[in-house]
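A quick note: this is a predicted structure, and the numbers were derived from the prediction, not measured. Note that these values count all heavy atoms, side chains included, but never hydrogens, waters or copies made by symmetry. Chain letters run A, B, ... following the sequence lines, proteins first, then strands; residues in each count from 1.
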Amino acid sequence: MALHFELVTPERLVRSENVHMVVVPGMEGDFGVLEGHSPMMSTIRSDATVEIYASASAAPEKITITGGFAEVNDKGLTILAESAA
Amino acid sequence: MASLKALKIRINSVKSTQKITKAMKMVAAAKLRRAQEAAEAARPYAERLEAVVSSIASKVEKGPQAPKLLAGTGKDDVHLFVVCTSDKGLAGAFNTNIVRLARRRAEELRAAGKTVKFYTIGKKGRDQLGRTFKTDIVHSVEPGDLGKLGFVQVQEWASDLTHRFEAGEFDVAHLFFSKFVSVLAQEPTDIQLMPVAVADSAATASVGASVDYEPDEEEILADLLPRNVSVQLLRATRENAASEQGSKMTAMDNATRNAGDMINKLTIQYNRTRQAAITTELVEIISGAEAL
């Protein structure tokens with residue numbers, strides 16, 4: 001049971017891995033994405049933090065991203081950001 | 001026949017040229033690796049963005065309220081050619097190939113009765129196109145070192161282009177650049193930049209379950225389409241940077257080899273001339289001795 005998560009910037013592919021859950025800072029509020037999430041597309045607030053939970057109990061890993069949007073489809077979650085740090 | 005001294009000077013000058021071209025080749029090889037990595041790193045983003053744009057574009061009605069970048073202006077009379085080249089030469093046929101492709105396409109469109117304008121990125125493209133299409137270059141920018149170009153800089157050009165498009169300066173924009181295939185092969189390529197070209201097969205493949213949009217399709221599209229333009233431009237400059245270095249490396253390798261051939265040829269000529277001088281001297285001495 002894992003969610004395939006990809007974080008891509010124009011400079012490089014930052015992440016491509018299987019994780020438990022990702023909390024995405026959407027334009028209309030944060031939302032968590034688990035495996036089997038229904039397809040959706042959302043823009044992302046600028047200068048927001050993505051929280052990546054490698055497993056249900058693990059502490060989240062935080063990545064700050066600017067601009068971009070997230071797409072959830074049957075293959076997983078893809079975040080296209082302008083930059084990530 | 002040239003004098004011994006003149007030959008010696010000539011050989012030395014070719015030798016130092018060879019040293020320079022050899023050094024340039026090494027520099028290009030080092031830069032190539034970095035440029036190639038950057039070009040390859042930019043590919044996933046461009047590919048995924050393209051997939052997202054196609055999938056969302058297929059779901060939005062192409063009505064009159066659809067964004068111009070998606071639906072187009074409804075005409076195709078005025079074409080804008082965005083020609084990406086580099087600022088520096090000494091890279092073999094790199095710039096010439098891109099310009100040649102652009103020129104050929106321009107002539108085709110002209111023959112069909114369309115208007116063609118140019119927007120050049122890079123000094124070499126501007127200079128070469130300026131010879132035949134001087135009055136049609138609407139704007140030109142100088143990117144400097146292609147390898148050091150950032151996303152921010154490219155975004156500026158993209159927003160400039162988008163403004164021009166929305167102001168109705170042109171109906172279709174094409175992007176010309178050199179695609180990096182390998183060190184030995186760079187392929188001049190053109191793609192349609194504006195309006196967005198949606199591949200039908202890609203669009204239908206991703207239509208499946210209904211998708212939730214946040215905030216809604218139009219707003220996402222309004223954010224996405226200008227971004228797509230900048231990403232395509234970024235990709236073009238990255239590919240160009242890698243192609244330029246690859247082309248430069250090959251050109252400098254050839255130059256180094258040619259200089260080597262030249263040195264060999266001149267050295268033989270130098271030795272022959274010296275031998276001839278020695279022989280003449282000997283003949284003089286012997287005939288002098290015989291006369292006594």
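Using a 4.5 Å cut-off between heavy atoms, B/R235 makes no contact with chain A at all. Using a 4.5 Å cut-off between heavy atoms, A/S83 makes no contact with chain B at all. For chain A, the nearby part of B/L234 is the side chain; its heavy atoms alone come within less than 4.5 Å. Residue A/A70 does not touch chain B at all, counting heavy-atom pairs closer than 4.5 Å. Only the side chain of A/E71 comes within contact range of chain B, with at least one heavy atom under 4.5 Å from a heavy atom of that chain. Contact of B/E37 with chain A is not made at all, since no heavy-atom distance falls under 4.5 Å.
In terms of heavy-atom pairs under 4.5 angstrom with chain B, the leader among A/T78, A/V72, A/T9 is A/T9. Here A/G68 is the residue among A/G26, A/G68, A/G67 with the most heavy-atom pairs under 4.5 Å with chain B.
Remark: B/R48 CZ to A/L13 CG distance equals 6.0 Å, nearest 0.5 Å.
Remark: A/E82 engages B/R227 in a salt bridge, criterion side-chain N to carboxylate O under 4.0 Å.
Crowding of B/R33 atom CZ: a count of heavy atoms from other residues, nucleotides or ligands under 6.0 Å not exceeding 12. When the shell of 6.0 Å around NE2 of B/H163 is examined, it contains 12 or fewer heavy atoms from other residues, nucleotides or ligands.
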